[in-house]
Colleague: 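Questions regarding the structure given below will be posed in turn.
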Amino acid sequence: MSTSVHHAPPSRAVPPHILDNAAWAALTGPHAHLAERVGRAARYPTDISPFSALEDPADPRAWDDLAALVGPGAVTPVSGARTVPDGWTVERGGDGVQLVDTALYAEPAPEAEELGPADVPEILDLIALTEPGPFLPRTIELGDYLGIRDHGRLIALAGERLHPPGWTEISAVCTHPDHRGRGLATRLVRAVAAGVRERGDTPFLHAAASNTRAIRLYESIGFTLRRRTRFLLVRAPGERR
């Protein structure tokens with residue numbers, strides 16, 4: 001009778017998914033030309049996006065690099081971090097969800113128009129009214145944006161934000177309160193997604209965990225919850241100059 005012992009092969013750690021650190025993947029990938037970077041930390045110019053990213057939020061060296069990047073006492077949003085090292089303070093935290101396209105029917109919207117830098121003042125007015133998330137004077141450089149107008153006035157918007165390799169985030173989805181209930185946001189999401197897929201990317205998006213209405217809408221049109229996320233607004237060590 002054999003007495004040999006068969007040992008199970010050692011388990012291999014599963015590498016993190018690229019969307020687990022989407023901002024870092026974007027800033028070191030397709031958006032690298034926009035990135036401001038110090039070592040293991042990167043961010044967008046502050047007139048494009050407020051977001052900063054760390055190569056590994058568990059690595060204290062990445063936080064040291066972020067402190068050098070943003071400066072003493074600066075406040076910046078960071079995703080993927082649950083805690084902060086000594087010297088940093090958490091100003092505010094928020095829970096979110098990340099959803100990915102698994103069954104979305106994407107199609108162009110004939111009534112939508114491409115938006116550009118000349119449209120930014122109108123976009124900023126609509127963003128201020130509807131508050132879908134941060135949109136700054138140069139945010140439009142992150143990707144393609146589509147809008148729908150009524151008698152010349154911009155009433156609905158959607159576009160692209162983070163762009164990790166192989167993926168594009170749909171963002172800034174909003175509709176003027178006077179024109180809700182007409183399916184404008186859904187048509188724009190489908191249209192933006194059509195452009196994303198045409199490039200060979202897969203659409204994904206983020207929403208605040210408390211925004212259950214938006215989450216239900218996205219799930220109803222073919223997005224699937226991938227993970228829950230945590231965003232921290234953090235202050236760097238030191239006195240602000």
Side-chain angles (χ1 to χ4, degrees), residues 16-31 34-35 42-44 46 48-55 57 76-82 90-104 106 123 126-128 130-136 139-146 156-175 185-186 188-197 199 201-234:
H17 192 283
I18 194 169
L19 294 186
D20 292 346
N21 199 351
W24 176 260
L27 283 162
T28 56
H31 282 168
L34 298 173
R43 70 174 180 179
Y44 288 98
T46 54
I48 290 183
S49 171
F51 293 111
S52 300
L54 303 169
E55 183 179 30
T76 184
V78 175
S79 61
R82 297 284 174 175
V90 176
E91 300 287 309
R92 191 166 67 247
D95 294 311
V97 295
Q98 184 183 80
L99 301 104
V100 297
D101 165 24
T102 54
L104 177 67
I123 293 173
L126 185 59
I127 293 289
T130 57
E131 298 183 337
F135 196 102
L136 301 165
T139 298
I140 202 161
E141 296 178 27
L142 293 177
D144 296 332
Y145 283 82
L146 299 177
L157 167 72
E160 302 172 357
R161 188 168 63 178
L162 298 180
H163 187 185
W167 299 81
T168 299
E169 180 191 23
I170 298 178
S171 183
V173 181
C174 59
T175 303
T186 298
L188 285 174
V189 168
R190 294 188 194 279
V192 173
V196 170
R197 285 188 182 166
R199 294 198 303 266
D201 282 1
T202 300
F204 75 106
L205 49 80
H206 291 100
S210 59
N211 193 353
T212 55
R213 179 180 177 186
I215 294 169
R216 285 197 300 269
L217 169 63
Y218 295 139
E219 289 179 331
S220 73
I221 64 174
F223 285 90
T224 299
L225 176 67
R226 179 181 172 268
R227 66 191 290 259
R228 299 191 178 275
T229 60
R230 178 74 173 164
F231 295 90
L232 297 180
L233 186 67
V234 299

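Nothing here was measured: the structure is a model prediction, and the numbers come from that model. Side-chain atoms are counted along with the backbone in the values below, which use heavy atoms only and exclude waters and symmetry mates.
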Colleague: Go through the steps to decide whether D95 and R228 satisfy the test side chain to side chain contact (heavy atoms under 4.5 Å, CB included), and finish with yes or no.
Modeller: CA-CA 7 Å; D95 294 311; R228 299 191 178 275; over 6 Å; no
Colleague: Could you check if a side-chain atom of W167 sits within less than 4.5 angstrom of a side-chain atom of V100, using non-hydrogen atoms only?
Modeller: yes
Colleague: Measure across A25 and I18 and return the closest heavy-atom pair with its distance rounded to 0.1 Å.
Modeller: CB-CG1, 3.5 Å
Colleague: Provide the closest heavy-atom pair for L146 versus A191 in the form atom of the first, atom of the second, distance.
Modeller: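 Answer, listing the atom of L146 first, then A191: CD1-CB, 3.7 Å.
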Colleague: How far apart are the closest heavy atoms of P50 and P77, and which atoms are they?
Modeller: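 For P50 versus P77, the nearest heavy atoms are O-CD, 3.0 Å.
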Colleague: Do L225 and I215 touch side chain to side chain, with heavy atoms closer than 4.5 Å?
Modeller: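 A side-chain contact under 4.5 Å is absent here.
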Colleague: With side chain to side chain contact (heavy atoms under 4.5 Å, CB included) as the test, pick out the partner of R197 among T168, L104, T202, V192.
Modeller: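 By the side chain to side chain contact (heavy atoms under 4.5 Å, CB included) criterion, R197 pairs with just one of T168, L104, T202, V192: L104.
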Colleague: Looking at D20 and R226, is any side-chain nitrogen of the basic one under 4.0 Å from a carboxylate oxygen of the acidic one?
Modeller: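 Yes.
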Colleague: From T102 OG1 over to F223 CZ, what is the distance, rounded to the nearest 0.5 angstrom?
Modeller: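 Nearest 0.5 Å value for the OG1-CZ distance: 8.5 Å.
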Colleague: Main chain of A35, side chain of Y44: is a donor-acceptor contact present, judged purely on distance under 3.5 Å?
Modeller: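 Pair absent, no side-chain N/O of Y44 close to backbone of A35.
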Colleague: Does the side chain to side chain contact (heavy atoms under 4.5 Å, CB included) test come out yes or no for C174 and L126, once each step is laid out?
Modeller: CA-CA 8 Å; C174 59; L126 185 59; 3.9 Å; yes
Colleague: For the CG atom of L232 and the CZ atom of R92, what is their distance to the nearest 0.5 Å?
Modeller: 11.0 Å
Colleague: What residue among H17, H206, E169 forms side chain to side chain donor-acceptor pair (under 3.5 Å) with Q98?
Modeller: H206
Colleague: Report yes if some heavy atom in the side chain of S171 is under 4.5 Å from a heavy atom in the side chain of F135; otherwise report no.
Modeller: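 They are not in side-chain contact.
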Colleague: Give me the atom names and distance for the closest heavy-atom approach of L54 to V78.
Modeller: CD1-CG1, 4.1 Å
Colleague: So T139 and L136, do their side chains get closer than 4.5 Å, heavy atoms only?
Modeller: yes
Colleague: Is the shortest side-chain heavy-atom distance between P164 and L19 below 4.5 Å?
Modeller: yes
Colleague: Do R43 and T76 come close enough that some side-chain heavy atom pair is under 4.5 Å?
Modeller: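 SC-SC contact between R43 and T76 ruled out.
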Colleague: Ignoring hydrogens, what is the shortest heavy-atom contact between Y145 and G159? Give both atom names and the distance.
Modeller: CD2-CA, 3.3 Å
Colleague: Is the number of heavy atoms from other residues, nucleotides or ligands within 6.0 Å of CZ (R213) greater than 12?
Modeller: no
Colleague: Determine whether a donor-acceptor pair (N or O, by modelled atom type, separation under 3.5 Å) exists between the side chain of H31 and the backbone of L142.
Modeller: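 Yes, because the side chain of H31 sits within donor-acceptor range (under 3.5 Å) of the backbone of L142.
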Colleague: Using a 3.5 Å distance criterion without hydrogens, assess whether the side chain of D144 forms a donor-acceptor pair with backbone atoms of E160.
Modeller: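 Side chain of D144 to backbone of E160: no pair is present.
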